[in-house]
*Asks:* 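One structure, as structure tokens, below. Some questions next.
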There are 2 protein chains.
Amino acid sequence: MLDVIRAAGTISRVGLIDATGFTGATISTVVRKLIDDGLVLETGRAESTGGKPRVLLQLNPSSRYAVGIHLDHSGIAYVLTDLGGSVVARMTRAGAGAEDPPVIVDRMAREVHALIDGVGVERDRVLGAGLVSPGPLTPTSGMRLAPPPMRHWEDFPLDQALERAIGLPVVLGNDATAAALGEYWSGVINGSSTFAAVYMCTGIGAGMLVNGIPYHGASGNAGEIGHICLDVEGPECWCGARGCTEVLAGPAAVVAAARADAGLARAVGLAGGRTRSRPSVAAEFAAVARAARRGEPAARAIMERSARYLAVAVRTLANVMDLDLLVLTGPSLAVAGSTYLPVIQDELDRAFFSRATHSVDVRLSKSAATAPAIGAASMVLQTELVPLQPGMRLPDNLAESERIHTRA
Amino acid sequence: MLDVIRAAGTISRVGLIDATGFTGATISTVVRKLIDDGLVLETGRAESTGGKPRVLLQLNPSSRYAVGIHLDHSGIAYVLTDLGGSVVARMTRAGAGAEDPPVIVDRMAREVHALIDGVGVERDRVLGAGLVSPGPLTPTSGMRLAPPPMRHWEDFPLDQALERAIGLPVVLGNDATAAALGEYWSGVINGSSTFAAVYMCTGIGAGMLVNGIPYHGASGNAGEIGHICLDVEGPECWCGARGCTEVLAGPAAVVAAARADAGLARAVGLAGGRTRSRPSVAAEFAAVARAARRGEPAARAIMERSARYLAVAVRTLANVMDLDLLVLTGPSLAVAGSTYLPVIQDELDRAFFSRATHSVDVRLSKSAATAPAIGAASMVLQTELVPLQPGMRLPDNLAESERIHTRA
């Protein structure tokens, strides 16, 4: 019901009856409860079309809030969104790095409270926190088969630890799927039935939405395009397979190629010395990407090689899913998206299998750096705003005898 | 409603109320109509559990039938299924070959009538025909970007021509998606949430079901795993891209490799001479597959190379979709599946990205040769058996005032 009101902007009770198929009595009861809880406001009256003017309802965006956390080796991004999904506060802090999970969880709790207090939102208006991280996730909690820099997070009970530390309910999710949800929530992908967000941070992944609903797969780990094989004889990837997109073209491969060119490494300012003392892969990748944007030929060549590989993997994703829209997102594509976009669009225009029936539109995200965190917050909001469908349980305070009616 | 009865085997009216959430009055009206139409039978009474014994209902499988047609260059497979999805007649005839579409359509009409008349089914009990063929399909009718041997079918108005010729409604679909539906309808894939059928006939494709529902993508062309790139520098495929699975490992590649080995070509009985006078690619592939099964070393080596490539493409599919079950199906895997299965299972056990959270079970279809035709018939049945959901229109003969009720 809340989602119908949010999507409509303003709507009358009669409009809600038409949109949901519930009876007037049900709508009346639910709306009264939503107004009592402060979630919905009466905002005026619609123009009369002959009968009595109708009172208009709208979401009260500042009645509830949600926290979104995007945890990565290279950075932790936070957003606070209101009930309408608008970002009211955002901040980025140091990544998880090599520190122990409990230390990071304590820091995240302090940072979440600073985020909420910074904009003066009362804590009891915050519904909960969504936390997204590299997959695969276990069905219940924590990371499993985590990428090498986060290997020490494997099987750490992240949701329980964070819930205790921040005193709010926590929902876990996959970073790439959350990025897709964040793009959808930001409203950029209207009209697409099969949409994917191609996501690059430290690793490469994709999130898919089918008719606006995240596609999770059997264990919440769908969309692993970083591990599409592009060369059966290629170099070994950390996942155990050979020739994966990530090992050929991911940020770490780009940084390694740049470091192998002494002149370029100096020009870009890549640190030498031991691996542990270097900045994060994502930060070094960003430095190479900026050099490419400045026109540095060696950096451009490395980036374009990466883009060509990623473009082939994206074409495979489009061929398997029969996509019509792709958004490039995530922190690493926030800095390098303008290099990758034309290469990917060209590949799809030239070789997407079903190009005779439709094209695949590739766009750059307008919120590439924070899309996963926005998606994480929207996972929390969706538990409140989830579309009310016939057969779903209404809130407990509605009488047991209350029935949902839809037109035959 | 019919689908609920079909799935249950036998069920009482009270059971239908519980299963569907409709009121007793609605169930009573709909069941009366189904009995009047001969679709449902009353079959006895359930054991009394204290109250009045309940009359049990079951589908009358011989009340309606559906035709499934699988059209390929190499063969045309037909099935007639009853309302319960059981195959009551099947036959395979010569493929579309190089003949003009109208000639083939006329022949298909004769063959459909022979199929129906052969088992003495009255024509007015046949609901319609599903026809599946290699994709991509246009949104409304006919093939688009057809593989080379069927290029002359492009944009031919197949559904209209066949409807006129056989005098039955026709539904078109993609062969690989139909194969997945056929496997599902055959009941082999219980308990899988994300299932794919890997399909090989003249080409290679895949059909995917998510919670039992076919995944179609933006234009009905999802699952094109034959055009997953395995080598960015590989040979050019007919689709315009390089290094596709199909050009590296498909039946035509297997046959070409066998023909290049003069001793093997002689042992297998591959015809020389001009391409047009040879048997179909699928028939020649089957000959190589049989030689491999006999232990012919050169044939085994060629088949195993194909299997290793296909296994990598299947792993990509599993990584993107996070699958938990795969069935190998289609005419070419009906003859060669036992060679491909262990190679694919091994690849997934060793390198499926989310193998730490769950395995991917690979099975050989029990009806690999006819699964697409069974799926084609089930597309027709689904229009009759489609789950009745609140909000759907009931049959027109139900009073306009009739309402569907579900529990709140």
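Naming convention: chains lettered A, B, ... in sequence-line order (proteins, then strands); numbering from 1 in each chain. Hydrogens, waters and symmetry mates play no part in the numbers below; they use all other heavy atoms, side chains included.
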*Asks:* Determine whether A:Val362 and A:Tyr340 make a side-chain contact, defined as any pair of heavy atoms from C-beta on separated by less than 4.5 Å.
*Replies:* no
*Asks:* Given a strict heavy-atom distance threshold of 4.5 Å, which part of B:Arg350 is in contact with chain A: side chain, backbone, both, or neither?
*Replies:* side chain
*Asks:* Can you confirm whether the side chains of B:His358 and B:Asp322 place a donor and an acceptor under 3.5 Å from each other?
*Replies:* yes
*Asks:* How are the rings of B:His227 and A:Phe353 set relative to one another: parallel (under 30°), tilted (30 to 60°) or perpendicular (over 60°)?
*Replies:* parallel
*Asks:* Of all of A:Ala206, A:Ala218, A:Ala313, which one pairs up most often with chain B through heavy atoms under 4.5 Å apart?
*Replies:*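 The answer is A:Ala218.
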*Asks:* With respect to chain B, which residue among A:Cys229, A:Gly234, A:Ala318, A:Cys244 yields the maximal number of heavy-atom pairs within a distance under 4.5 Å?
*Replies:*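 Maximum pair count with chain B is reached by A:Cys229.
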*Asks:* Counting only heavy atoms closer than 4.5 Å, note whether A:Val232 contacts chain B via side chain, backbone, both or neither.
*Replies:*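 Contact with chain B: backbone and side chain both.
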*Asks:* Heavy-atom pairs under 4.5 Å with chain B are the metric here; pick the option from A:Gly243, A:Gly217, A:Ala241 that has the most.
*Replies:*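 Of the options given, most contacts go to A:Gly217.
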*Asks:* Please flag which part of B:Asp231 lies under 4.5 Å from any non-hydrogen atom of chain A: side chain, backbone, both or neither.
*Replies:*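 Interface part for B:Asp231: backbone (N, CA, C, O).
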*Asks:* A:Pro214 and A:Thr177: which non-hydrogen atoms are nearest, and at how many Å?
*Replies:* CB-CG2, 3.9 Å
*Asks:* Does any non-hydrogen side-chain atom of B:Arg363 lie less than 4.5 Å from one of B:Leu325?
*Replies:* yes
*Asks:* Quick check for you: among A:Ile228, A:Leu317, A:Leu323, which has the greatest number of heavy-atom pairs under 4.5 Å with chain B?
*Replies:*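 If we count pairs closer than 4.5 Å to chain B, A:Ile228 comes out on top.
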*Asks:* Does any part of the side chain of B:Val320, heavy atoms only, come nearer than 4.5 Å to the side chain of A:Met208, both counted from C-beta?
*Replies:* yes
*Asks:* If only atom types and distance count, is the side chain of A:Glu246 paired as donor or acceptor with the main-chain N or O of A:Ile204 below 3.5 Å?
*Replies:* yes
*Asks:* So which part of B:Val360 gets closer than 4.5 Å to some heavy atom of chain A, the side chain, the backbone, both or neither?
*Replies:*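 The answer is neither part of B:Val360.
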*Asks:* Considering only heavy atoms, which portion of B:Leu230 lies under 4.5 Å from any heavy atom of chain A: side chain, backbone, both, or neither?
*Replies:* both
*Asks:* Among B:Gly223, B:Ala351, B:Gly240, which residue has the highest count of heavy-atom pairs closer than 4.5 Å to chain A?
*Replies:* B:Gly223
